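Down below is the structure, laid out as structure tokens.
When a residue number appears, it is its place in the shown sequence, counting from 1. What's counted below: heavy atoms across the whole structure, side chains too, no hydrogens, waters or symmetry copies. On a predicted model such as this, the values are computed, not experimentally measured, just so you know.
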Amino acid sequence: MNTSLRNKSDGFTLIESLIALAVLAITAVSFLRATEANVGRVSALELRAAAGWVAQNRLAELMLGLQPTRGHVTMLGRDFTVTVTPTPTADPSLTQVDISANLVDGGVGARLTGFVVQLVGGGS
């Protein structure tokens with residue numbers, strides 16, 4: 001008897017190994033693309049959150065009666081342009097403010113609407 005002969009089911013052939021490697025490579029590329037897309041979405045969410053914080057900070061400044069500085073606001077290392085649009089209401093002591101914070105270079109932003117109490121008559 002010849003014991004040097006192998007059964008056909010004793011291992012993988014070269015073709016089978018190459019096909020398995022090709023499937024693994026395609027899967028790895030798919031995972032890499034999905035990860036890149038997820039990183040892009042997280043970055044956009046981070047910028048939207050920062051724009052929301054800028055708008056909320058501006059509303060808080062207005063509610064405290066402070067005169068906010070004009071120009072760009074920096075949050076998380078990015079510059080935002082803040083626009084405040086006041087609108088009178090039926091109550092003379094209450095003003096509606098629409099605040100938008102957008103990246104200076106365009107793109108994502110946030111909008112916020114709030115109300116600011118204006119002291120009428122200069123009370124203390």
For this session: Using side chain to side chain donor-acceptor pair (under 3.5 Å) as the criterion, list what pairs up with Asn57, not counting sequence neighbours.
Result: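 Counting only residues at least two positions away or on another chain, Asn57 forms no side chain to side chain donor-acceptor pair (under 3.5 Å).
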Problem set entry | Non-hydrogen atoms of Leu76 and Ala50 that approach each other most closely |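 Reported closest heavy-atom pair: CD1-CB, 3.7 Å.
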For this session: Could you work out the complete set of other residues in the hydrophobic cluster of Leu32, with links drawn between I, L, V, M, F, W and Y side chains under 4.5 Å apart?
Result: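 Via sub-4.5 Å side-chain contacts, Leu32 links to none.
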For this session: Could you identify which residues cluster with Leu18, counting Ile, Leu, Val, Met, Phe, Trp and Tyr as linked when any side-chain heavy atoms lie under 4.5 Å apart, either directly or through a chain of such contacts?
Result: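 Listed partners: Leu14.
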For this session: Return the set of residues passing side-chain contact (heavy atoms from CB on, under 4.5 Å) with Ile15 (not counting sequence neighbours), or none when no residue passes.
Result: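 Applying side-chain contact (heavy atoms from CB on, under 4.5 Å) to Ile15 gives Thr13, Ile19.
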Exercise. Can you name the residues that form a side-chain contact (heavy atoms from CB on, under 4.5 Å) with Leu94, not counting sequence neighbours?
Worked result: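 Leu94 satisfies side-chain contact (heavy atoms from CB on, under 4.5 Å) with Thr89, Asp91, Phe115, Val117 only.
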Problem set entry | Partners meeting salt bridge (Lys or Arg N to Asp or Glu O under 4.0 Å) with Glu61 (sequence neighbours left out) |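 Once residues adjacent in sequence are excluded, the partners of Glu61 under the salt bridge (Lys or Arg N to Asp or Glu O under 4.0 Å) criterion are Arg58.
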Would you give me the side-chain donor-acceptor pairs under 3.5 Å for residues 97-112, sequence neighbours excluded?
residue, atom, partner, partner atom, Å
Asp98, OD1, Gln96, NE2, 3.4
Asp98, OD1, Thr113, OG1, 2.8
Asp105, OD2, Arg78, NH2, 3.3

For this session: Flag the pair Val116 / Leu59 as yes when at least one side-chain heavy-atom distance between them is below 4.5 Å, and no otherwise.
Result: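 Side-chain contact under 4.5 Å: yes.
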Exercise. Looking at side-chain heavy atoms only, is the closest gap between Val82 and Val54 below 4.5 Å?
Worked result: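 Contact flag for Val82/Val54 side chains = yes.
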Counting only pairs under 3.5 Å, give me each side-chain donor-acceptor contact of residues 62-72, with atom names and distances, residues two or more places apart or in other chains.
residue, atom, partner, partner atom, Å
His72, ND1, Thr81, OG1, 3.4

For this session: Enumerate the residue pairs fulfilling side chain to side chain donor-acceptor pair (under 3.5 Å) with a member in residues 25-45, sequence neighbours excluded, ordered by first and then second residue.
Result: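 Non-adjacent pairs meeting side chain to side chain donor-acceptor pair (under 3.5 Å): zero.
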